[in-house]
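Take a look at the structure below.
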Amino acid sequence: MRRSKAFIPTSKEAPSDASLASHIFLARAGFISQSAAGLYNYMPLAKRVIKKIEAIVNEEMTKVGAQEVELSFVTPAELWEKSGRIEKFGKELLRFRDRKDNMFVLGPTHEEMMVELIKNRVTSYKNLPLNLYQIKTKFRDEARPRFGLMRGREFIMKDGYSFHSSEEDLDREFTEMEAAYKKILTRLGLDYRVVEADSGAIGGSGSKELMVIADSGEDTIAVCSKCEYGANIEAAVSGERKVIPEAPEAVFNKFATPDVKSIEDLAAFFKIDPYYTVKCVAKKLIYEKESEIVLFFLRGSDNLQEVKAVNAAGALEIEDVNEEELKALGLVPGFIGPLDQDKAKHVIDITLKNAANLVCGANELDYHFVGADLSVISDVAYFADIVEVNAGDSCPKCDGELSFTKGIEVGHIFKLGTTYAKALKAEYLDENGKAQPFIMGTYGMGISRLVASVIEQHHDENGCIWTKATAPYMVNIMVSNIKDEAQMAAGEKLYKELQDAGVEVILDDRKERFGFKMKDAELIGFPYTVIIGKELVNGNVQVYDRVSTEKTAVSADEIFTKVMELI
RNA sequence: CGGGGUGUAGCUCAGUAUGGUUAGAGUACCUGGUUUGGGACCAGGGGGCCGAAGGUUCGAGUCCUUUCACCCCGACCA
């Protein structure tokens, strides 16, 4: 491609609202342009990057036997009613009616469609397993799209679905898909981590997210310093506590603690470690039809993890409550304890099971219990893991330490089980001729989000630094002064040689000055720029490496060979 | 969906408090010239329904009402 003819509208200024590097540079370098909230146009450079990523995904999917299909973007609303997700997705589903007044939705993901596709077509266990996928535009009417391609309303996703006749076979496929996904990210040149994730309301036994490590990531993940363990903070657990503070000694007793309400005050009042205090966090849990106030008891040294709390309560959503609501239930804010707790439903953190030497609220104004021993209620109370891990906690898998890092969720794989097959009555006949619902797995990967992720991880103050696997063009030939016939001729020669060799090359033949064209090349981020300029009279050209930002002199005669070596 | 903000040239923004020549700058674009190794310089030029609708006024980018869009913080996010 000749740069003089290319549609690559670069600009010195970024959109005023762009804050992320990927958003700023992709917009400035002429890859994307915004058309409305969360909607972007892909210009030629972006389209090339997307195609490269898609090609890698396709290759790896083919290797593991997955087959590509493409389902309609517009999907009948009826299917979403059958699965119940028209309610669950709510306003995120963009609905509309056609001329015959039938309701449709723009596909945000395609479980229903895929199940419908194979239903009554795959009818025997002999045809299982089956893994089908597509790479397609998705639409989710997000309440707040942001960060450029990172969180758009319209985006490109690879979504795959596998169908099995046994849990074991699903496990095998799941492991294989995880490996394939890791391979894709490695090939793209990304630093990532596979982490355990919350499976959410859909349930399912396994749920893993593929996180590209970046400070700008929206997810917080806990990772181990020694082993492979990593988990989204919503699902992270810590191992046994290594150092346990010395326990305060006290016989069980009710103690006057006037006006001592917070954990801080309490620990100071008794001069004990907050580890031995019991904190009560009250929340309102929203269920499908009703809501109720639930009390969560945990150690004073811990914090409530709301996603875990929602799961423990089997609820859909969680909200804050105020003191008045608690008082209305007969509770005493600041002095709520787990013993003899009959005013509200409560969940106690698992680390408090059989715990002793505790200080907890006495459910009476200005009184706490000391020397409390929860083993007395361990048979009747409901215990669950509801606390958030802290940096420095020990790893649940080894003796390493957990620390936090930020990640961009670029992939999510999980085991769906028979949820969708049952809802849509999709069945096959097993060896005994008995109808069984398909056991499913689902595997998603955000293609357009990957484009942004590459830049989040690979950029500097001057612009994009594409990895070799993702670069829109591998080589940029920059003719410093196009009026210099020798320079132009050398540029044309190399351009033709590289094109003939199948290299993706662009020739910057614009009537611009050296500095302008270099800045442009850096902004776009070609891995290599061959500079044909003033050194040509001495028989030399230069290769500019975008990663090292160094220029190396190469003899003009050998430049073709040198470039072929580099790429 | 709650709270806040912004809409003026392709882009980044002045101008709006206190209404008053023909609505500005930088950048980008076009023409000519000088330059030619790190986003050059000079001269000339094109480009605006001042988000939209309604109102007040002799007169509205500026004041009033309504509305739409976009952005930020939060909630939400298979």
Side-chain angles (χ1 to χ4, degrees), chain A residues 9-19 23-24 27-28 30 33-39 80 83-85 88-93 107-112 114 138-148 150-153 155 157 159-161 197-204 207 209 218-219 232 234 286 306-307 310 316-320 409 411-416 419-420 440-446 449 462-463 478-484 487 510-524 529 531-537 540-542 544 549 551 553:
Chain A
T10 56
S11 133
K12 231 192 275 193
E13 289 194 87
S16 54
D17 48 63
S19 55
H23 190 185
I24 292 170
R28 278 192 54 204
S33 85
Q34 184 170 7
S35 67
L39 304 181
W80 297 86
S83 73
R85 286 214 290 185
K88 193 176 176 305
F89 261 105
K91 286 191 170 177
E92 236 176 275
L93 278 186
T109 172
H110 278 177
E111 278 83 3
E112 287 84 349
M114 202 62 90
K138 300 287 184 289
F139 191 92
R140 292 181 195 177
D141 200 357
E142 295 252 8
R144 188 148 111 80
R146 58 187 135 173
F147 304 140
M150 208 61 93
R151 181 169 292 283
R153 289 193 293 172
F155 57 97
M157 182 168 84
D159 50 323
Y161 310 86
D198 169 50
S199 331
I202 285 191
S207 173
E209 290 169 339
E218 293 186 84
D219 289 282
N232 192 306
E234 296 173 353
I286 316 290
E306 295 198 353
V307 172
V310 168
L316 297 173
E317 279 185 65
I318 186 163
E319 283 178 7
D320 289 342
E409 182 192 340
H412 193 177
I413 56 178
F414 57 98
K415 300 175 188 173
L416 285 175
T419 316
Y420 287 91
M440 292 177 63
T442 179
Y443 320 93
M445 188 169 253
R449 184 176 277 185
N462 292 318
M478 196 266 267
V479 177
S480 180
N481 181 358
I482 64 161
K483 285 187 185 169
D484 183 315
Q487 288 185 18
R510 291 174 300 171
K511 184 180 170 296
E512 294 288 351
R513 295 159 66 94
F514 179 86
F516 182 91
K517 289 200 268 199
M518 275 308 286
K519 286 283 185 197
D520 218 44
E522 283 167 333
L523 177 60
I524 295 170
T529 292
I531 302 168
I532 299 177
K534 62 183 184 183
E535 285 297 310
L536 188 64
V537 291
N540 281 338
V541 297
Q542 287 164 301
Y544 171 79
T549 70
K551 295 176 196 139

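In what follows, every chain begins at residue 1, and chains take the letters A, B, ... in the order their sequences are listed.
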Could I get a table of every N or O pair under 3.5 Å where one atom is in the protein and the other is in nucleotides 9-14 of chain B?
unit_1	atom_1	unit_2	atom_2	d
B:rU12	OP1	A:S16	N	3.1
B:rU12	O4'	A:E13	OE1	3.2
B:rU12	O4'	A:E13	OE2	3.4
B:rU12	O2'	A:E13	OE1	3.2
B:rC13	OP2	A:S16	OG	3.4

In short, A:S207 meets A:D198 closest at the heavy-atom pair OG-O, 3.5 Å
Please state how far atom CZ in A:F147 lies from atom P in B:rC77, giving the value in whole angstrom units.
17 Å
Nearest-0.5 Å distance, CH2 of residue A:W80 to CD of residue A:E112:
4.0 Å
Please report the distance, rounded to the nearest Å, between CG in A:D320 and P in B:rG74.
15 Å
Nearest whole angstrom, please: distance from the P of B:rC70 to the CD of A:E142.
14 Å
Mind listing the closest non-hydrogen atom pair of A:A37 and A:P145 along with its distance?
C-CG, 4.0 Å
Value in whole Å for how far the P atom of B:rC72 lies from CD of A:Q34:
9 Å
Quick one: closest heavy-atom pair of A:R510 and A:K517, and the distance?
O-NZ, 2.7 Å
How far, in whole Å, is B:rU62 from B:rA23 if one measures between their C1' atoms?
12 Å
What is the distance, to the nearest angstrom, from the CD1 atom on A:I286 to the P atom on B:rA75?
16 Å
Determine, for nucleotides 28-38 of chain B in 5'-to-3' order, which nucleotides have protein heavy atoms under 4.0 Å from the base (write B), from only the sugar-phosphate (write S), or from neither (write -).
-------BBBB
Do A:M518 and A:K551 make a side-chain contact, defined as non-hydrogen atoms from C-beta onward lying under 4.5 Å apart?
yes
Inter-nucleotide C1' distance (B:rC13, B:rU57), Å rounded:
30 Å
When you compare B:rA9 with B:rG46, how far apart are their C1' atoms, in angstrom units rounded to a whole number?
11 Å
Nearest-nucleotide comparison on RNA chain B, the residue closer to the 5′ end among A:G38 and A:E218
A:G38
Measure the NZ-NZ distance between A:K483 and A:K511 for me, rounded to the nearest 0.5 Å.
5.0 Å
Reading RNA chain B 5' to 3', how would its secondary structure be written in dot-bracket notation, given Watson-Crick and G-U pairs with both distances under 3.5 Å, brackets [ ] for crossing pairs and | for partners on other strands?
(((((((..((((......[...)))).((((((.....)))))).....(((((..]....))))))))))))....
Euclidean distance, atom CG of residue A:D141 to atom C1' of B:rA69 [Å, nearest integer]
14 Å
Could you state the interatomic distance from NZ (A:K534) to CG (A:N481), rounded to the nearest 0.5 Å?
12.5 Å
Please classify the nucleic acid contact of A:M157 as base, sugar-phosphate, or nothing, using heavy-atom distances under 4.0 Å.
base
Does any non-hydrogen side-chain atom of A:D17 lie less than 4.5 Å from one of A:H23?
yes
Sticking with atom P, work out how far B:rG24 lies from B:rG61, rounded to a whole angstrom.
13 Å
Could you measure between the two P atoms, the one in B:rU21 and the one in B:rG59, and give it in whole Å?
15 Å
One should read off an interatomic distance between A:H110 NE2 and A:D159 CG, to the nearest 0.5 angstrom, of 6.5 Å
Please give, in whole Å, the distance from B:rC76 P to A:R146 CZ?
11 Å
Using atom C1' in both nucleotides, what's the gap between B:rG2 and B:rG55 to the nearest angstrom?
31 Å
For B:rA75, does either OP1 or OP2 sit under 4.0 Å from a side-chain N or O belonging to A:R144?
no
How far does the P atom of B:rG3 sit from the matching atom of B:rU22, given to the nearest Å?
43 Å
Does any donor-acceptor pair link the side chain of A:R28 with the base of B:rG39 at a separation under 3.5 Å?
yes
For the pair A:M150 and A:R449, evaluate side chain to side chain contact (heavy atoms under 4.5 Å, CB included) and give the outcome as yes or no after the intermediate values.
CA-CA 5 Å; A:M150 208 61 93; A:R449 184 176 277 185; 3.8 Å; yes
If you find the nucleotide of RNA chain B closest to A:A143 and the one closest to A:A37, which residue's nucleotide is nearer the 5' end?
A:A37
Interatomic spacing from CZ in A:R28 to CD1 in A:I524 - rounded to 0.5 Å
10.5 Å
Is the side chain of A:E142 donor-acceptor paired with the backbone N or O of A:R144 at a distance under 3.5 Å, no angle test?
no
Need one value for A:D520: base, sugar-phosphate or nothing, where a base atom within 4.0 Å counts as base even if backbone is also close, heavy atoms only.
base
Rounding to the closest angstrom, what is the interatomic distance between B:rC77 and B:rU16 at atom C1'?
39 Å
I need the A:Y420 OH to A:E111 CD distance, nearest 0.5 Å.
5.0 Å
